[in-house]
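Working notes, structure below.
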Amino acid sequence: MNISKNNKKVYNIFSKNYIWYIILIIFIIVSCMYFDKYVGNYVKSVTVSTIKVSLSDYYINIFSGATIINKYGKKDYDIPFMWLSIQLIICAIISLKPFYYSSYKDLYKLIKSEKRTDYIIRQICDIFIKIVLVYVVIIAVIVLYSFGKGYISTEVHYELFQNMNSDRGINIGTYIYPLLYSVMMAVLQVYFNMYINRVIVIAFIVAYNILAIYIPSWYVLGNMSMVYRSSNSVVKIECSVIVCCILIVIFTILTIFRFQKYDVISTEEK
């Protein structure tokens, strides 16, 4: 019975945000096709054997992040289109439920309830499911795309990523940190929504992600969700994973305490 309810919940989350997931799928497919073209040109221009792109290569390409480029003799950074697009899509999906209830029925239950903790925890869990679903879609599209090309492997071809420090290697933290970063920003977004207009909060999230592109420092947490930044940082990505997990717990607790005194009725009347 619980499994059936969970499946229905995931289906509802997907159906209510299907446009954003369709956009995400299109972006991932285009990114994979563009990367294939890049690899083809690389193989032609360099004396190397033919490289078959792996699942890890596609994933790294999507989350590679901003690279340093020389522009007019000065350092500059390109815009990591896929990384930024994924963060903005997640921000849009989370913003569709600004006051943590989905219907007047939910609102009535909340008003009648003497204890709000369970309610807001369920809503935070729903947000976590939404974000996990985004990353599941990303991985599923990559797998299906690779399967369609007749080759599935997790091997990393470091020679395809000139801005990556291959000595640091790729570990589990590199793969899971983008998800943790997205969860942390989503919980932060939920918390701020109870203080500030959600449009302003969205603008803040967008500005912070753009800031992360142009400030290559580990303490700007968005940096470590970009593979180029995490592989070249003096700080191990495991440290950023721990910091991000701590922040998720802190903002979750703050959200729960704030929601205890949150005026849902006045918010609904606005």
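Computed over heavy atoms, backbone and side chain alike; hydrogens, waters and symmetry mates excluded. Residues: numbered from 1 along the sequence shown.
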Chi angles and distances behind the side-chain contact (heavy atoms from CB on, under 4.5 Å) call for V227, I170: CA-CA 9 Å; V227 180; I170 300 294; 4.0 Å; yes

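- Note that R258 lies in the cation-pi zone of Y195, set by a 6.0 Å cut-off to the ring centre and a 45° limit from the axis.
- Judged by distance alone, with hydrogens and angles left aside, the side-chain atoms of S233 form no donor-acceptor pair with the main-chain N or O of S230 at under 3.5 Å.
- No more than 12 heavy atoms of other residues, nucleotides or ligands lie within 6.0 Å of CZ in F128, so this atom counts as exposed by the packing criterion.
- When atom types are taken as modelled, the side chain of R229 and the backbone of I213 share a donor-acceptor pair closer than 3.5 angstrom.
- Not counting sequence neighbours, the partners of I246 by the side chain to side chain contact (heavy atoms under 4.5 Å, CB included) test are I242, I250.
- Contact annotation: the side chain of V183 never approaches that of Y135 to less than 4.5 Å [non-hydrogen atoms, C-beta and beyond].
- Not counting sequence neighbours, the partners of S54 by the side chain to side chain donor-acceptor pair (under 3.5 Å) test are D57.
- Using a 4.5 Å cut-off on side-chain heavy atoms (C-beta onward), Y214 and V220 make no contact.
- At least one side-chain heavy atom of F63 sits less than 4.5 Å from a side-chain heavy atom of I86.
- Heavy-atom contacts from other residues, nucleotides or ligands closer than 6.0 Å to OH of Y38 number more than 12.
- Of the residues Y21, F81, W83, the one that meets the ring-ring contact (aromatic ring centres under 6.0 Å, His included) test with F27 is F81.
- A donor-acceptor distance shorter than 3.5 angstrom exists from the side chain of N232 to the backbone of N163, with no hydrogens or angles considered.
- Residues C244 and M184 share a closest heavy-atom pair of SG-CB, 3.6 Å.
- The nearest pair of heavy atoms linking Y208 to L221 is OH-N, 3.2 Å.
- Residues V143 and L55 share a closest heavy-atom pair of CA-CD2, 3.9 Å.
- Looking at D36 and Y58, their side chains do bring a donor and an acceptor atom within 3.5 Å of each other.
- Contact detail for I79 and L84: the closest heavy-atom pair is CG2-CD2, 4.2 Å.
- Using cut-offs of 30° and 60° on the angle between ring planes, the pair Y59 and Y175 is tilted.
- V39 places none of its side-chain heavy atoms less than 4.5 Å from the side chain of H157.
- Checked by atom type, the side-chain pair S182/Q87 shows a donor-acceptor distance below 3.5 Å.
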